[in-house]
Amino acid sequence: MSTSRLRVVVATLLFAGAAAPTTMQAVASSWGGGSGGSCANSGCTTAYAVPLPVPQVMTPTSTDATTDYYTVTERKANLSVIPGKTTPMWTYNGTWPGPLIRATSGRQVKIHVVNNLDGPTSLHNHGAHVTPSSDGGPTDTFPTGMSKDYTYPNNQSARTQWFHDHAKDVTGRDVYMGLAGLYEITDAQEKAFNLPSAAYDVPLVLQDRTFNADGTLAYSLDSSSYRDGFLGDTQFVNGAARPYFKVEARKYRFRILNGANARYYNLSLSNGQSMQQIANEAGFLSKPNNMSTIKLAPAERAEVVVDFSKVPSGTSVTLNNGSGWNSSSGGLMRFDVVPTTSTDTSTVPATLRPFTPLPASDVSVRRTFKISQDRGGMWTFNGQMYDPQRIDANVALNATEEWTFDNRSGQDHPIHLHDINFHVVNESWQSPTGPDTEWKETINLPSWSSVTIRVKFPDYTGIFPFHCHILEHEDNMLMGQFKVS
Ligand code: C2O
Ligand code: CU
């Protein structure tokens, strides 16, 4: 990037960014359950003892005819996230997860990001369709004491994105330390849908962490054992360990994000009730899908409507994570059902956003990326480690291509492309089903299998990364670059 975009931060900016703690942190630090004297470190939190913090929608610092302006300060904060301990974290504006930014389709957002941490950072708005200069790629970092302005045109339909740090080689550590927040785009179609909204539209950010006995987060960049992905032993939702959430006996919309570094989730409700999945990370599906389980690889999102109206008030339903590779069994959070305060007039439309696949006849180029791990534990596409100087795919503007990711390794890899959505045309292990048949932006690739995606590259020229979203695989070189020109 050009250094002309960098600006020295003046003291006032630091204070402007240091917003008062939201209710999230205030809630997260009031513990309902006993902490237990024998509880030295991780895994010892009491289930369902703390309320679910709900991220507050951030207010712009200013607005004009075309744009909403925000300031986000990356700074250290001492947070209370496990009982009786203080955990130093790296945050966006002092909370974990960071603030929720709500954008409107067609209306620009500019975020002024101030780096008040100890090393270079890069803010990537994951899911955003943007120019490379605002994409927040791994080498587009800005150092301590500096800032960068990101511009998001939001020329996309309604969807749930998230922003997180993306600095080269240290993304896993930086996200683990707390650098992740939510970014929602709304549009007229969504508003017309009459889905559960406001207090009944709740994000659920799933993450896992392991702590040292002193409450600090356990994570080591040097550990080669992390190259296969770091799994925490304590489960968090919106920054609270296995919280409870009082829900009225009515419909809720939950925007579920797998914000973990490497953990997979296989979600289900303890009463066997299905969830109506209405959206994935690329926005609304063509129709609601009734799902008894929902698998989420790192960075994937699922938006679901859950109807608690048939659940007797005074009873509870837990959101469970089924066992499986990279998973951990048990309840992630508990919904405690209470009577409704008003009539639920929300509805789930039978049809949502039409999906039209890219025509096969438009495909002009086919590429294959073989994934393997070298003897040192480093991850490669076609035998090559990530190199910011190398272009792995030269793409013509407006071309439609098919990319096959061929997984020659014994681990799953969630594949993510910056800039653009794709759809799956072939999965070697099954026929694509349900939400996986429509627009996607991250797709899980099971071990020893392959997936072919079809993708078109309109609008933006320049260099964008694609990579595995297991952050330790990404940091250990499972990343390539495509150049649109
Ligand atoms: Cu969320 Cu390049 O990633
Ligand atoms: Cu991977």
Side-chain angles (χ1 to χ4, degrees), residues 92 97-98 121-130 132 134-141 150 159-176 179-183 205-207 226-231 257-264 280-282 296-301 325-326 369-374 377-382 385-386 388 392 405-422 440-451 463-482:
Y92 293 121
T121 58
S122 174
L123 184 147
H124 173 57
N125 187 344
H126 179 123
H129 182 44
V130 283
S134 283
D135 186 46
T139 55
D140 195 2
T141 55
Y150 293 86
R159 65 193 62 204
T160 303
Q161 300 176 179
W162 60 303
F163 52 94
H164 61 76
D165 192 67
H166 212 308
K168 185 177 179 299
D169 303 339
V170 294
T171 295
R173 178 199 63 187
D174 292 2
V175 173
Y176 194 81
L179 292 175
L182 289 159
Y183 186 101
V205 180
L206 310 181
Q207 294 175 307
Y226 286 15
R227 287 179 189 158
D228 289 347
F230 183 86
L231 299 177
L257 160 68
N258 182 345
N261 282 31
R263 182 172 297 282
Y264 283 63
N280 65 14
E281 63 279 349
L296 286 182
E300 282 188 309
R301 283 86 84 198
W325 183 82
N326 230 347
F369 297 99
K370 291 193 186 104
I371 297 172
S372 55
Q373 192 173 24
D374 71 16
M378 290 299 186
W379 294 95
T380 60
F381 284 122
N382 291 338
M385 294 194 282
Y386 171 54
D392 301 277
F405 292 92
D406 184 0
N407 186 359
R408 308 285 181 91
S409 80
Q411 281 194 41
D412 289 23
H413 303 281
I415 302 297
H416 167 55
L417 272 62
H418 283 217
D419 178 42
I420 201 69
N421 295 156
F422 52 79
K440 291 283 290 173
E441 157 244 83
T442 303
I443 181 76
N444 188 53
L445 177 53
S447 61
W448 304 109
S449 66
S450 68
V451 65
I463 298 170
F464 297 93
F466 62 96
H467 58 86
C468 174
H469 219 288
I470 289 180
L471 299 181
E472 290 76 20
H473 295 185
E474 172 185 342
D475 285 342
N476 290 290
M477 303 299 160
L478 194 51
M479 175 141 53
Q481 300 187 107
F482 61 92

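Numbering of ligands and ligand atoms starts at 1, following listing order.
- The name of the N, O or S atom in H166 nearest to atom 2 (Cu) of ligand 1 is NE2.
- A donor-acceptor pair shorter than 3.5 Å cannot be found between the side chains of N261 and R173.
- Atom 1 (Cu) of ligand 1 lies under 2.8 Å from an N, O or S atom belonging to H164.
- Coordination check, C468 versus the Cu ion (ligand 2): passed, since an N/O/S atom of the residue sits under 2.8 Å.
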**Request:** Apply salt bridge (Lys or Arg N to Asp or Glu O under 4.0 Å) to the pair K440 and E300, showing each step before the final yes or no.
**Result:** CA-CA 9 Å; K440 291 283 290 173; E300 282 188 309; 2.7 Å; yes
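- Among the backbone and side-chain atoms of H469, an N, O or S atom lies under 2.8 Å from atom 1 (Cu) of ligand 1.
- Exactly one of L296, I470, L231 qualifies for a side-chain contact (heavy atoms from CB on, under 4.5 Å) with R263. That residue is L231.
- One finds an angle of 110° at atom 2 (Cu) of ligand 1 between NE2 on H418 and NE2 on H467, to the nearest 10 degrees.
- A 4.5 Å side-chain heavy-atom check between P138 and P465 finds at least one atom pair inside the cut-off.
- Of all the N, O or S atoms in H126, the one closest to atom 1 (Cu) of ligand 1 is ND1.
- Looking only at its N/O/S atoms, H413 has ND1 as the one nearest to the Cu ion (ligand 2).
- A salt bridge does not link R159 to E441: none of the charged nitrogens lies less than 4.0 Å from a carboxylate oxygen.
- Of all N, O or S atoms in H473, the one lying closest to the Cu ion (ligand 2) is ND1.
- Residue I415 comes nearest to F422 through the heavy atom pair O-CZ, 4.2 Å, listed as atom of the first residue, atom of the second, then distance.
- The nearest N, O or S atom of H124 is not closer to atom 2 (Cu) of ligand 1 than 2.8 Å.
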